[in-house]
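What follows is one structure encoded as structure tokens, with my remarks underneath.
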Amino acid sequence: MTGDMTLFPPPKSEQALLERAQALAGCSMEELATRAGIAIPRDLRRDKGWVGMLLELWLGACAGSKAEPDFADLGVELKTIPIDGQGRPLETTFVCVAPLTGNTGVVWQTSHVRHKLSRVLWMPVEGDRAIPLAQRRIGSPILWSPTPEEEQLLQRDWEELMDFIVLGQIERITARHGEVLQLRPKAANSKALTKAIGEHGQPIMTLPRGFYLKKTFTAPLLARHFLL
DNA sequence: TCCTGATCATTC
DNA sequence: GAATGATCAGGA
């Protein structure tokens, strides 16, 4: 058995996907890794995407495909989210890389952020570092689309952040900007650079950035599920 | 204690 | 370098 084989073909419907995801609830990383023939790292320091890749395998996501949803036929994106004992998120959620050039005329309606978040299967996973990785369990999955209120929050932040980028003010953006959506470095290290627009409209080199959902956005989203 | 800025692996 | 998958870790 090899690590890159798919345990399942892609699900044929949202319902099938959700049922498959629900069947994983309560399972430990040890169970899923062992049954997939995959070694479990001691921790995630050098394997940050390990849990996400493991769940892609079990859910039949198109691993490695790019610029497409994880479940292309269904238009569904898969997101694992580490949670504490109360079901609250332990980390922000990466959405997509921010385009730093060629943004003249871009609007929210056709943005990558909006498309990525239009339909998401959230897979909560115990993430407390006091719990050995092998013993961490999958939580109850949530198939989600933004409510009108949530989309409005996202759009407001996205437009504010994109304005900075287009106007050559990217170096002034910090993770504190945005109520629910923030812009932070997304790179191999602080020496990785990409082209952007400078304060006088000239090309500059800067850190690649990504859009991330703040915990203030994902926490209520997860909590709502437990109230229903 | 928590959040921001930095970082890790892998593929192409 | 860009894109996929994210979490780490020290300073505020």
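The chains referred to below are lettered A, B, ... by the order of the sequence lines, with proteins before strands, and numbering in each begins at 1. Keep in mind the model is a prediction, meaning the values are calculated, not measured. Below, each value reflects all heavy atoms present in this structure, side chains not excepted, and no hydrogens, waters or symmetry copies.
The pair A:R119-A:E77 fails the salt-bridge criterion, with no side-chain N (NZ, NE, NH1 or NH2) lying under 4.0 Å from an Asp/Glu carboxylate O. Contact check on A:E150 versus A:R114 returns no salt bridge, with no Lys/Arg side-chain nitrogen under 4.0 Å from an Asp/Glu carboxylate oxygen. Salt bridge A:R136/A:E30: absent, no basic N to carboxylate O contact under 4.0 Å. Taking a cutoff of 4.0 Å between a charged side-chain nitrogen and a carboxylate oxygen, A:K214 and A:E91 do not qualify as a salt bridge.
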Item to check | Reading 5' to 3' through nucleotides 3-8 of chain C, protein heavy-atom contacts under 4.0 Å coded B for base, S for sugar-phosphate only, - for none | outcome: SBBBBB
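The two residues A:F71 and A:L59 come nearest to each other via the heavy atoms CE2-O, 3.3 Å.
If you check every strand for non-hydrogen atoms under 4.0 Å, A:L90 touches nothing.
When the shell of 6.0 Å around CD of A:E31 is examined, it contains more than 12 heavy atoms from other residues, nucleotides or ligands.
With rounding to the nearest 0.5 angstrom, the CG atom of A:L181 is 10.5 Å from the CG atom of A:L153.
Taking 4.0 Å as the cutoff to heavy atoms of chain A, we find the contact window on DNA chain B bounded by B:dC3 to B:dA9.
A:F8 and A:W58 have tilted rings, their planes meeting at an angle from 30° to 60° on a 0 to 90° scale.
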